[in-house]
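Notes follow once the structure below has been shown.
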Amino acid sequence: MVAEFPSHARVVIVGGGVMGAGLAYHLGHEGWGAETVLLEKAELTSGSTWHAAGQITHSTSSFGLGKCVDYNIGLYSGGLEAETGQPVTWHGCGSFRLAYTEDEMDWLRHTLSVGRSLGFNIELVGPEWIAELHPFYNLDGVLGALHTPDDGHVDPTNVTMAMAAGARQKGVRIFRQCRATNITQAPSGEWVVETEKGTITCEHVVNAGGTYARQMGEWSGLQLPMTSMTHHYFVTEPVPEFEALDRELPVIRDDRKVSGYIRMEQKRGLIGIYEKENPNSVWHDQCPWDYENWLFDSDYDRVMPWLEESLNRMPIFANLGIQREVHGAISHPPDGNPMIGPAPGVKNYWCCCGTQIGIGWGPGLTRELARWMVHGAADISMREYDPRRFGSYATKEWQVTKAHEDYCLRHEIPFPHFNRMAGRPIKPSPLYEVLKAKGAVHEEVYGFERPRWFARNGVAQQDHYSFRRNAVHDVVGAEVRAVREAVGIMDVTAFTKVEVAGPDAYALLDRLTANRMPQKTGSITLTHMLNRRGRIELETTIVRMAEDRFYLVCAAFFEQRLLDHLAQNRAGEDVTVTALSAEWSALSLNGPRARDVLAGCTDADLSNAAFRWLSAQEITVAGHKIWAFRMSYAGELGWEFHMPNAACLDVYTALWAAGEAHGIADYGSFAMNVMRMEKGFKGAGELTNEVTLAEADVLRFARTDKEYLGRDKTLNTDLPWVCAYLEIEPDGEVDGHGGEAVLLDGKVVGSTASVAYGHTVGKILAFAYVKPHANFPGTEVSVIIAGKPRKGRVLGAPAYDPESLLPREDAILEAAQ
């Protein structure tokens, strides 16, 4: 019986690949199945899903993604088939990720540490063990491998069909051969989906369009950055040596020599290649609507160096022919991460697209998206996947450039702080060229160029990548010392800067923030905005510039999230919200000599009595009226200066000239991060949508005597985990990078969120989410760094200036008296 085409639904999902079917399945499990409709223009899987190779591995250094792949493997290896009765065709053969260099070994050691925190079955093994389980692979030059025995591969079509069956069992209606032709928003806020079979009006619409996702977004005036890149894999003729095997060989991931993967496909060989040069992108304007089960002709010239090496590595393939060539298109966002979450600037338009590894990542990510849609927040940090991480700078030309870069990096070592340089600079600050000439190595944050560190003392002005300490370590230490002992200046223009003004500005912000709002003009408050689940949306500093005007500052990548949160939670308030990030610049001046430097540039009274801690004033520097905020992320006496772009260079030049007599130095985000860790200030790595204020241990910034969004949920003290502050024994080589397992009495009790070496205190410092019984000052723990345990201890106060006297210089005078 054919279901009647509906005119209304709560949710309409457009796209029937693994992502769309996965979301339908999980919305069903979250209780929205009977209210969900999925539309597919052809047959399920007929876009990119059907031609996927279908591998999945626990070998990931991402803590959040690790949770997803572990769920996916459990789903594929038994849960989905048992639930739906549909075959999945799971091959649980395990896998190896090979290492030929010490850098690759360090990557695997870090991955091992992350895997330990997640409870994975994972180990680092030598060539002998690889040869034992895979006797046909040429291991010349191989130092070791990460062995993940629970990995495998699965049939993409069967998985998608099984999830579709599970969705139907939960009431989801699926319509095939039904192409959507337009998606628009009605004045009511509902979404109108026009199709070949009729029109559906819905509360939530989901773009799961795969290679069509970008052009579908354009129907609704949205810019969803992603580009279709083509990828090859080849299936050989039957392999005689495979005929006698009584088990399936592990998948081999060989990033160095093959730039891809090799595995068995029945009794044949399968070789997948991500070439590191001249990758191919297609459909820069739009994907043809008749693209169904479509493959491109193979381009052997493009992949030949790696294909030849794959035959060297698997000599038993060398004399066999290629029986099947698969050369299909896959979506690549600019940074390689999927687009999972709300589209920017609109309400209830959700992205479920841009996923280059749909089989490996899809079910776990769609489970989180379903939770986000139904309950108001996902259960893993979604910052890396949130579609709002890009801004209007992400033009089509830029998208293509970045997609080419991402494709070539697919099988490269994901070094900590890896700096993707293609298509830059795109949003340079007014100081970009000046600071670059002074040795600045910049990083990109929400399009802005922000200095990381400054090359000096013979260290080359380029990125130095390693999982171990490198030349940059001492450079950052010198920047930290300059700030701690004298004075440092940093370009912080990348910060999000938003003005909220109008008669109801106070009322709106008071309803959306957990802390007490600034009461007097010129006062400053640090606060958090929460979602209806009580989880943290973002942290922001609010400056009251006038009775009805407030200035909000937060991390760069939260700009669109902040704008959307303000817009979508308004209840008729008379306010105007203005994004100033592109028009305004900002500088940070910190250190015991900061007042001396600033006094040389302004006539303003900078005494403690006249310019108190956590207050703001409009002052004149270098002939420009600018806003000065007395606050410090470094934990020193300091100010932030916010100003129109036209004033920035003059103000910086004046501050630098005044500071030369006081030992002024430029510093960057690496030093800033060290100093905030020394001060015990939590950052974006700790304050995520996964946690409440209580879990993040920042309840001191929440009021109990006011109502605000998420209040009741965030004040719940029944905590599954809590953010601990640790010191860890250094070994002089590897300091850690986040995601490492924390053990108490030999049992895993949590994992690190942020790790940095504290140059001032001489110890590794970390924030870690641990079980509450492990979070008592003085508790001795172990932290697995680079695969080995290190002694750690829970701290009860900041490692540096625990009473926070230095930023509030008046407190030091009072203590002395």
Side-chain angles (χ1 to χ4, degrees), residues 2-42 44 47 163-164 166-210 212-222 224 339-354 365-378 387-388 531-532 564 567-569:
V2 179
E4 180 179 353
F5 195 76
S7 60
H8 289 79
R10 171 175 273 187
V11 182
V12 173
I13 302 168
V14 183
V18 67
M19 299 303 291
L23 180 59
Y25 172 82
H26 288 103
L27 284 174
H29 279 266
E30 296 298 331
W32 279 14
E35 302 168 285
T36 297
V37 170
L38 184 148
L39 308 176
E40 165 54 44
K41 75 178 185 68
L44 300 180
M163 286 194 293
R168 289 189 183 99
Q169 290 171 6
K170 295 292 184 179
V172 176
R173 289 167 288 175
I174 298 177
F175 294 89
R176 299 173 294 110
Q177 300 295 328
C178 180
R179 180 164 79 88
T181 57
N182 202 9
I183 301 172
T184 55
Q185 193 167 29
S188 64
E190 295 176 298
W191 291 95
V192 179
V193 183
E194 300 173 41
T195 83
E196 296 172 327
K197 293 186 176 181
T199 297
I200 311 178
T201 301
C202 56
E203 180 183 354
H204 299 266
V205 67
V206 181
N207 183 337
Y212 297 95
R214 185 176 70 183
Q215 64 210 63
M216 284 170 53
E218 291 173 355
W219 294 341
S220 310
L222 298 172
L224 305 178
M339 308 277 282
I340 309 294
V346 292
K347 187 174 183 179
N348 293 339
Y349 186 114
W350 302 86
C351 298
C352 186
C353 49
L365 288 173
T366 56
R367 178 181 65 167
E368 297 307 319
L369 180 56
R371 290 170 171 170
W372 199 346
M373 294 172 65
V374 174
H375 305 297
R388 298 170 295 183
N531 54 49
R532 56 190 167 92
D564 288 350
Q568 294 172 15
N569 287 289

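Residues in residues 186-202 take part in these salt bridge (charged side-chain N to carboxylate O under 4.0 Å, His left out) pairs, two or more places apart or across chains: Arg179-Glu196. Among residue pairs with one or both ends in residues 16-31, those qualifying as salt bridge (charged side-chain N to carboxylate O under 4.0 Å, His left out) are Glu30-Arg371; sequence neighbours excluded. Among pairs with a residue in residues 12-26, none fulfils salt bridge (charged side-chain N to carboxylate O under 4.0 Å, His left out), at least two apart in sequence or across chains.
Taking the six-membered ring for Trp and thresholds of 30 and 60 degrees, Trp191 and Tyr349 have ring planes more than 60 degrees apart, a perpendicular arrangement.
Residues Met373 and Val206 are in side-chain contact: their nearest non-hydrogen atoms beyond the backbone lie under 4.5 Å apart. Looking at Met19 and Cys353, their side chains never come closer than 4.5 Å, going by heavy atoms from C-beta outward. Looking only at side-chain heavy atoms (C-beta outward), Arg168 and Ile174 come within less than 4.5 Å of each other. The shortest distance between side-chain heavy atoms of Phe5 and Leu39 falls below 4.5 Å.
A distance of 4.5 Å separates SG of Cys351 from CG of Leu224, quoted to the nearest 0.5 Å. Interatomic distance, His26 NE2 to Leu365 CG, rounded to the nearest 0.5 Å: 10.0 Å. In this structure, the separation between OG1 on Thr36 and CZ on Arg173 is 8.5 Å, given to the nearest 0.5 Å. Distance check: Trp350 CH2 to Asn207 CG gives 13.5 Å after rounding to the nearest 0.5 Å. If you take NE2 on His8 and SG on Cys202, they are separated by 9.5 Å, rounding to the nearest 0.5 Å.
Nearest heavy-atom pair, Ala9 versus Val37, reported as atom, atom and distance to 0.1 Å: CB-CG2, 3.9 Å. When all heavy atoms of Ala186 and Val192 are compared, the pair lying nearest together is CB-CG2, 4.1 Å. Across all non-hydrogen atoms, the minimal contact from Cys352 to Ile340 is CA-CD1, 4.0 Å. For the pair Cys178 and Thr195, the tightest heavy-atom approach, listed with the atom from each and the gap, is SG-OG1, 3.6 Å. Nearest heavy-atom pair across Ala180 and Val14 is CB-CG1, 3.8 Å. Across all non-hydrogen atoms, the minimal contact from Ser220 to Ile183 is OG-O, 2.8 Å.
No option in Leu27, Leu23, Val374 other than Leu27 meets the side-chain contact (heavy atoms from CB on, under 4.5 Å) test with Val11.
Panel note: side chain Glu203, backbone Gly189; no donor-acceptor pair is recorded below 3.5 Å.
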Please test Ile13 against Val172 for side chain to side chain contact (heavy atoms under 4.5 Å, CB included), starting from the C-alpha separation and ending with a verdict. CA-CA 10 Å; Ile13 302 168; Val172 176; 5.9 Å; no

